[in-house]
Amino acid sequence: KETPIVILNFKTYLESTGENALKLAKGSEMVAEETGVNIMVHPQYADIYRIAHEVNIPVLAQHIDTIDAGGHTGSILPECVKEAGAVGTLINHSERRVELFEIDAAIKKADSLGLSTVVCTNNIETSSAAATLNPDFVAIEPPELIGSGIPVSKPEPEIVEKTVESIHNINPEVRVLCGAGISTGDDLKAAIDLGSEGVLLASGIILADDPKKALLDLVSKI
Ligand code: G3P
């Protein structure tokens with residue numbers, strides 16, 4: 001089995017902003033080096049450049065806008081996050097939802113730039129729809145469990161299993177992740193046992209007293 005993937009979404013917590021973002025990214029890099037787990041970080045846009053130039057783990061954006069270069073003040077140009085050092089992006093996170101046609105356009109744009117794509121979905125149906133669009137990853141996160149501390153694998157194990165099954169029936173190339181409420185090594189192990197290749201998480205690590213230790217504990221059960 002391949003090394004699990006752990007995606008740390010920095011969201012917009014102060015604990016993962018600016019200097020704190022850099023510290024969290026460096027801690028994540030250390031844990032990745034010590035354990036061999038594939039850890040990716042998703043800082044806010046304004047922190048991408050610095051983090052991407054100071055750490056050696058993949059740095060990804062939290063979103064891209066499907067615009068072409070030109071007059072779009074305030075938008076996130078995919079080419080710009082790439083130049084800043086991002087190697088991929090989340091698309092359609094529950095906190096930054098877009099329409100189906102925009103998911104499709106964002107995947108195509110990212111593909112054309114060589115950025116990897118992690119499409120977030122909220123249930124089995126949208127996960128299956130996302131799989132037809134050929135992203136690199138689909139990450140299922142039941143929205144009601146986000147930030148709850150209750151891991152998706154506990155109240156809704158079948159949603160992970162059925163998502164993996166449905167996605168692989170549609171498009172075996174797509175890699176499946178799951179998230180929401182994940183914070184411990186047991187949560188990560190349960191996610192892997194249910195057939196996903198890794199997790200997407202935020203508050204359980206970012207708001208921990210010692211985020212680096214929390215991340216190390218999370219990955220050391222595997
Ligand atoms: O993108 C990760 C996410 O939405 C889950 O958040 O705080 O439940 O780990 P959290």
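Not measured: the values here are computed from a predicted model.
- Distance alone, capped at 3.5 Å, is enough to place a donor-acceptor pair between the Ser16 side chain and the Phe10 backbone.
- Atoms CD1 and NE2, from Ile51 and His42 in turn, are 11.5 Å apart once rounded to the nearest 0.5 Å.
- Put simply, OG on Ser220 and NZ on Lys213 are 8.5 Å apart, with the number rounded to the nearest 0.5 Å.
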Can you list, pair by pair, the side-chain donor-acceptor contacts under 3.5 Å of residues 136-151, counting residues two or more places apart and other chains?
{"unit_1": "Asp136", "atom_1": "OD2", "unit_2": "Thr117", "atom_2": "N", "d": "2.9"}
{"unit_1": "Asp136", "atom_1": "OD2", "unit_2": "Thr117", "atom_2": "OG1", "d": "3.3"}
{"unit_1": "Glu141", "atom_1": "OE1", "unit_2": "His93", "atom_2": "NE2", "d": "3.2"}
{"unit_1": "Ser148", "atom_1": "OG", "unit_2": "Leu145", "atom_2": "O", "d": "2.6"}
{"unit_1": "Ser148", "atom_1": "OG", "unit_2": "Ile150", "atom_2": "N", "d": "2.9"}
{"unit_1": "Ser148", "atom_1": "OG", "unit_2": "Ile150", "atom_2": "O", "d": "3.4"}

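- Distance alone, capped at 3.5 Å, places no donor-acceptor pair between the His63 side chain and the Val98 backbone.
- With a 6.0 Å radius and a threshold of 12 heavy atoms from other residues, nucleotides or ligands, Tyr13 has its OH atom above the threshold.
- Side-chain atoms of Gln62 come within 3.5 Å of backbone N or O of Lys11 as a donor-acceptor pair.
- Grouping the Ile, Leu, Val, Met, Phe, Trp and Tyr side chains by contacts below 4.5 angstrom, directly or via other members, places Ile67 apart from Val81.
- For the atom pair Asn9 CG and Ile205 CD1, the distance stands at 12.5 Å (nearest 0.5 Å).
- For Glu173, the CD atom sits in a loose shell: 12 or fewer heavy atoms of surrounding residues, nucleotides or ligands are nearer than 6.0 Å.
- Asp187 CG to Leu218 CG: the interatomic distance, rounded to the nearest 0.5 Å, is 7.5 Å.
- Every residue meeting the salt bridge (Lys or Arg N to Asp or Glu O under 4.0 Å) condition with Asp186, not counting sequence neighbours, appears here in chain and number order: Lys221.
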- Should Thr126 and Asn122 be marked as a side chain to side chain donor-acceptor pair (under 3.5 Å) after you check the CA-CA gap, both sets of side-chain angles, and the distance that decides it? CA-CA 7 Å; Thr126 57; Asn122 59 324; 2.8 Å; yes
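- The main-chain N or O of Ser166 is never found under 3.5 Å from a side-chain atom of Asn169 such that the two would form a donor-acceptor pair.
- In this structure, the side chain of Glu102 engages the main chain of Glu99 through a donor-acceptor pair within 3.5 Å.
- In this structure, the side chain of Asp47 does not engage the main chain of Ala21 through any donor-acceptor pair within 3.5 Å.
- When all heavy atoms of Ala106 and Ile64 are compared, the pair lying nearest together is O-CD1, 3.9 Å.
- Under 4.0 Å is where a charged nitrogen must lie from a carboxylate oxygen, and between Lys212 and Glu29 no such pair does.
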